[in-house]
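Position 1 is the first residue of the sequence; numbering continues from there.
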Amino acid sequence: MKKILIVNGPNLNLLGLREPGIYGSESFENYLPQLRERFAEKAEISYYQSNVEGELIDKLQSVGFGEVDGVVLNAGAYTHTSVALGDCIRAIKVPVVEIHISNVHQREEFRHHSMISAACCGVICGFGLDSYRLGVEALTAE
């Protein structure tokens, strides 16, 4: 069984409340049990969320050398600004899948550029909360 960590960045603690037209009306806390059930025989899924860039980096460093088999990362707005997160992903030894709930390429121009994509093993965007499922599937594929 693989150990997968889902990491959510800033403002994703407000899923279900924040801009439901873009991010949907379901909270991540309601979605996570469904995801865990779906992968019950393939993966142990843990979850971490922080609005603080340094805390996200600390978490990735703490698990990035064998504590988990992979990370599904929604870095939120830090995707577009954080050189430090990109450097961290390059430094750790586990694969990281970058995901986004919305299709960032259909949104504001500044969202079209990611500071972390080149460091990640793949990028998934635009499938709502199902983007997390697709990220876990990528990391648990045989």
Side-chain angles (χ1 to χ4, degrees), residues 1-20 22-108 110-142:
M1 176 153 329
K2 291 196 174 184
K3 292 182 179 179
I4 305 298
L5 172 63
I6 295 173
V7 176
N8 273 344
N11 300 308
L12 292 165
N13 56 310
L14 298 177
L15 287 175
L17 303 172
R18 174 187 176 215
E19 299 178 90
I22 295 172
Y23 300 106
S25 57
E26 185 173 11
S27 72
F28 194 78
E29 288 71 22
N30 286 342
Y31 176 72
L32 185 57
Q34 300 166 41
L35 193 62
R36 285 179 170 147
E37 183 177 330
R38 182 180 185 116
F39 289 96
E41 296 187 20
K42 285 182 123 180
E44 177 186 313
I45 298 173
S46 55
Y47 173 60
Y48 179 79
Q49 189 278 327
S50 177
N51 293 317
V52 180
E53 182 181 26
E55 291 177 4
L56 296 170
I57 292 167
D58 287 345
K59 184 64 172 180
L60 290 171
Q61 288 179 358
S62 76
V63 300
F65 296 93
E67 293 290 315
V68 299
D69 298 299
V71 175
V72 174
L73 173 62
N74 185 341
Y78 288 138
T79 300
H80 318 292
T81 63
S82 183
V83 173
L85 267 174
D87 288 348
C88 174
I89 295 164
R90 284 181 186 86
I92 63 177
K93 302 299 181 201
V94 299
V96 176
V97 175
E98 173 187 344
I99 72 104
H100 301 281
I101 295 167
S102 67
N103 182 344
V104 293
H105 302 288
Q106 292 178 333
R107 298 188 60 198
E108 305 93 332
F110 75 89
R111 294 186 195 275
H112 298 184
H113 181 72
S114 170
M115 300 298 284
I116 65 173
S117 290
C120 293
C121 66
V123 179
I124 299 166
C125 72
F127 295 97
L129 291 178
D130 215 27
S131 295
Y132 292 94
R133 176 188 60 83
L134 295 169
V136 173
E137 281 184 5
L139 291 170
T140 58
E142 298 296 320

Rounded to the nearest 0.5 Å, how far apart are [atom1] of [X] and [atom2] of [Y]?
| X | Y | atom1 | atom2 | result |
| --- | --- | --- | --- | --- |
| N30 | L15 | CG | CG | 10.5 Å |
| I116 | L85 | CD1 | CG | 6.5 Å |
| N8 | N51 | CG | CG | 10.0 Å |
| T140 | K3 | OG1 | NZ | 16.0 Å |

Is [Y] close to [X] at the side-chain level, that is, under 4.5 Å between some pair of heavy atoms?
| X | Y | answer |
| --- | --- | --- |
| I99 | I6 | no |
| H100 | T79 | yes |
| V7 | V96 | no |
| E44 | F39 | no |

Inset, instruction - For the pair R18 and N11, evaluate side chain to side chain contact (heavy atoms under 4.5 Å, CB included) and give the outcome as yes or no after the intermediate values. - result: CA-CA 8 Å; R18 174 187 176 215; N11 300 308; 3.6 Å; yes

What is the minimum heavy-atom distance between [X] and [Y], and which atoms define it?
| X | Y | value |
| --- | --- | --- |
| S117 | V123 | OG-CG2, 3.6 Å |
| V97 | A138 | CG2-CB, 4.5 Å |
| P10 | Y78 | CD-CD1, 3.3 Å |
| G70 | L139 | C-CD1, 3.8 Å |
| I124 | G135 | CD1-N, 3.5 Å |
| Q49 | L12 | NE2-N, 4.3 Å |

Legend entry - side-chain hydrogen bond (donor to acceptor under 3.5 Å, both in side chains) assessment of S114 paired with E98: CA-CA 10 Å; S114 170; E98 173 187 344; 3.2 Å; yes

Inset, instruction - Tell me, yes or no, whether the heavy-atom count around Y31 atom OH, taken from other residues, nucleotides or ligands under 6.0 Å, exceeds 12. - result: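 More than 12 within 6.0 Å, yes.
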
Inset, instruction - Assess whether atom CD of E29 is packed by more than 12 heavy atoms of other residues, nucleotides or ligands within 6.0 Å. - result: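 Result for CD/E29: enclosed.
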
Legend entry - Y47: which of L32, I4, V72 passes side-chain contact (heavy atoms from CB on, under 4.5 Å):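 Exactly one candidate clears the test, L32.
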
Legend entry - Qualifying residue for side-chain contact (heavy atoms from CB on, under 4.5 Å) with K2, from D69, V68, I45: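 Between K2 and the candidates, side-chain contact (heavy atoms from CB on, under 4.5 Å) is satisfied uniquely by D69.
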
Could you tell me which residues satisfy side chain to side chain donor-acceptor pair (under 3.5 Å) with [X], sequence neighbours excluded, listed by chain and number?
| X | result |
| --- | --- |
| Q34 | E26 |
| D87 | none |
| N74 | Y132 |

Inset, instruction - Can you run down the salt bridge (charged side-chain N to carboxylate O under 4.0 Å, His left out) pairs that involve residues 129-138, sequence neighbours left out, and say none if there aren't any? - result: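 Of all non-adjacent pairs touching residues 129-138, those that pass salt bridge (charged side-chain N to carboxylate O under 4.0 Å, His left out) are R38-E137, D130-R133, R133-E137.
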
Legend entry - Test item: S131 side-chain N/O and G128 main-chain N/O as donor-acceptor pair under 3.5 Å: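 Such a contact is found between S131 side chain and G128 backbone.
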
Inset, instruction - Would you please name every residue forming a side-chain contact (heavy atoms from CB on, under 4.5 Å) with S46, sequence neighbours left out? - result: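 S46: side-chain contact (heavy atoms from CB on, under 4.5 Å) contacts with L5.
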
Which pairs would a plain distance check flag for residues 56-64, meaning a side-chain donor or acceptor within less than 3.5 Å of a matching protein atom at least two apart in sequence or in another chain?
| from | atom 1 | to | atom 2 | distance (Å) |
| --- | --- | --- | --- | --- |
| S62 | OG | K59 | O | 2.8 |

